[in-house]
There are 2 protein chains.
Amino acid sequence: MMQNSFTEENYLKTIHALSGRDGLDVSTNALAESTATRAASVTDMLKKLADKGLINYKKYQGVTLTTSGEKVALSVIRKHRLWEVFLVEKLGFGWDEVHDIAEELEHIPSDILVEKLDAYLGHPRFDPHGDPIPDAKGNLLDPDYRLLTDIQIGEKVLMMGVLDHAASFLQHLDRSGITLGAVLEVKDINEYDKSASIIVNGDRTIFISLEVSKNLLVQRR
Amino acid sequence: MMQNSFTEENYLKTIHALSGRDGLDVSTNALAESTATRAASVTDMLKKLADKGLINYKKYQGVTLTTSGEKVALSVIRKHRLWEVFLVEKLGFGWDEVHDIAEELEHIPSDILVEKLDAYLGHPRFDPHGDPIPDAKGNLLDPDYRLLTDIQIGEKVLMMGVLDHAASFLQHLDRSGITLGAVLEVKDINEYDKSASIIVNGDRTIFISLEVSKNLLVQRR
DNA sequence: AAAAAAATTTAGGTTTGCCTAAAAATATAT
DNA sequence: ATATATTTTTAGGCAAACCTAAATTTTTTT
Ligand SMILES: [Mn+2]
Ligand SMILES: [Mn+2]
Ligand SMILES: [Mn+2]
Ligand SMILES: [Mn+2]
């Protein structure tokens, strides 16, 4: 059985991300956008992935992952997130610095490496951004967090993850003192622009824009 | 400034290894052999590396690294050896299992990653096979070890490294109890086939063939 | 110093993953 | 339902890294 290339793995991971929890069809254009390539190049790759049995592809109809394609995607995601934990927990990187490095490390192929890394890290269940880490068999939790925009005034929630993974957003959260696991209490919501004042960990009050609220995943306590 | 590809880095590393401590010219055929490619492919790559100023190349005359090429080679070697230390010291791999994985990890580009890894490992000076690790500036120790074949009967030496890095050889040493840092005393050398009996760490006596002696780097105490 | 052998380079192809431009299919608007 | 717009595919090419076969250069032998 031939190995999947770096590029093929990235396509599979992207298809997984774009098809979301419901396994919706992913369009050629969406893939072109996400992979920073042109639609024609995507079509080329889709043919190859279909030939290898990794995706279901009918011309003009979009694609979904096959079972075998999903297995590959989940394995890459597992590696990505485990390496991110390593970079943050062991090497002392910030959560805003690890994505690009993990983007490369995720393609190192050794299964035994992944399992030893997982054990060394203490079998973490979430990565530094709050994203769940698939287990060795490809089981992936779907923790139904909600957006901070759905939380009522007076409610206290735990900060569990981010939707936007951009370094600039994560750095903004750092400056606001909003870290994974922080307790957030919605003190007030501005009618006009939906900006909010939030009490962080019971002491500091900060103001956050709707843009920020829309990207914060939280959980009732 | 364009980045060097995976493949270019491997060629530079191979040229470094083959030119030895004296910086001798490396032949096209030797490179073809070491990189498991054909001579014609090597010629293609040599032209490219010469264009990029990484090697000195005159047709039919063999190649040497330029200062800039050597810098790249040493950086790749540094990464290879640091990752090997990580795999053995932190993840618990055996010294016979890490080479192929490090062969991939050595191409992960981030400078800051390398420096954080180095610090995390406690700035190791040698890799699990006894090979010296270049520092961040590209300074590489040249410890003048000698071969066990050069040691007289009765002499006690420290086991410092291996010439052959093959898993089968390393596993053979494991079975013989010969590890890095072990004290070896040459008890007797067989006239006929130069095989020897050796006392390991002052207790066990083992017999080793010339083939093994030729691949053991040792140091007087 | 030729002739023969070995090493190296050139010539011409292949595959992978990308591109632009043009054609075809699908979706949307009138 | 037709026309228009959008999406997707096809056609034809390019660069990287490899290949085989054929030429060329260097080295070794006679
Ligand atoms: Mn990431
Ligand atoms: Mn992450
Ligand atoms: Mn190695
Ligand atoms: Mn080594």
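Below, chains carry the letters A, B, ... as their sequence lines are ordered, and counting in each starts from 1. Every heavy atom of this structure was used, including side-chain atoms; hydrogens, water molecules and symmetry mates were not.
Among the protein residues, A/T28 comes within range of the sugar-phosphate backbone only, with heavy atoms under 4.0 Å from sugar or phosphate atoms but none that close to a base. Among the heavy atoms of the strands lying under 4.0 Å from B/T7 are primed sugar atoms or P, OP1, OP2 only; no base atom is included. Heavy atoms of B/K58 sit nowhere under 4.0 angstrom from any nucleic acid atom. Within 4.0 Å (heavy atoms only), A/Y57 reaches sugar-phosphate atoms of the nucleic acid but no base atom. Counting any heavy atom pair closer than 4.0 Å across all strands shown, B/Y11 reaches sugar-phosphate atoms only and no base atom.
Which of D/dC18, D/dT20, D/dT8 sits closest to the side chain of A/Y60 comes down to D/dT8. When distances run from any side-chain atom of B/R38 to the nucleotides D/dC18, C/dC18, D/dT20, the shortest one goes to D/dT20. The side chain of B/A40 lies closest to C/dT9 when the candidates are D/dT8, C/dT9, D/dT10. Candidate nucleotides D/dT10, D/dC18, C/dT8 were compared by shortest atom distance to the side chain of A/T43, and D/dT10 ranks first. For A/K59, the listed nucleotide lying nearest its side chain is D/dT10; candidates were C/dT26, C/dT9, D/dT10. Comparing D/dC18, C/dA7, D/dT8 by their nearest atom to the side chain of B/N29 picks out C/dA7.
Remark: A/T37 is not in phosphate contact with C/dC18, judged by side-chain N or O atoms under 4.0 Å from OP1 or OP2.
Between B/K47 atom NZ and D/dA16 atom P the separation is 14 Å, expressed in whole Å. We find that CG of B/L46 is positioned 11 Å from P of C/dT10, with the value rounded to whole Å. In this structure, CD of A/E33 is placed 12 Å from P of D/dT8, rounded to the nearest angstrom. At whole-Å resolution of the value, CG in A/L31 and P in C/dC18 are 12 Å apart. Put simply, CD on B/E8 is 10 Å from P on D/dC18, counting in whole angstrom units. Distance, A/D44 CG to C/dT20 C1': 13 Å, rounded to whole Å. Between the C1' atom of D/dA16 and the CD atom of B/Q3 lies a distance of 16 Å, rounded to the nearest Å. The distance from atom CD of B/E9 to atom P of D/dA16 is 16 Å, rounded to the nearest whole Å.
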**OP:** Begin with the C-alpha distance, continue with both residues' side-chain angles, and end with the deciding distance and a verdict on side chain to side chain contact (heavy atoms under 4.5 Å, CB included) for B/L31 and B/V63.
**Re:** CA-CA 10 Å; B/L31 279 168; B/V63 293; 4.2 Å; yes
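In plain terms, the two heavy atoms of A/T64 and A/G23 that are nearest each other are CG2-O, 3.7 Å.
Atoms CZ and CG, on B/F169 and B/D96 in that order, are 12.0 Å from each other to the nearest 0.5 Å.
A ring-centre distance under 6.0 Å is not found for B/H129 and B/H99. Taking the six-membered ring for Trp and the full ring otherwise, B/F86 and A/F86 have centroids separated by under 6.0 Å.
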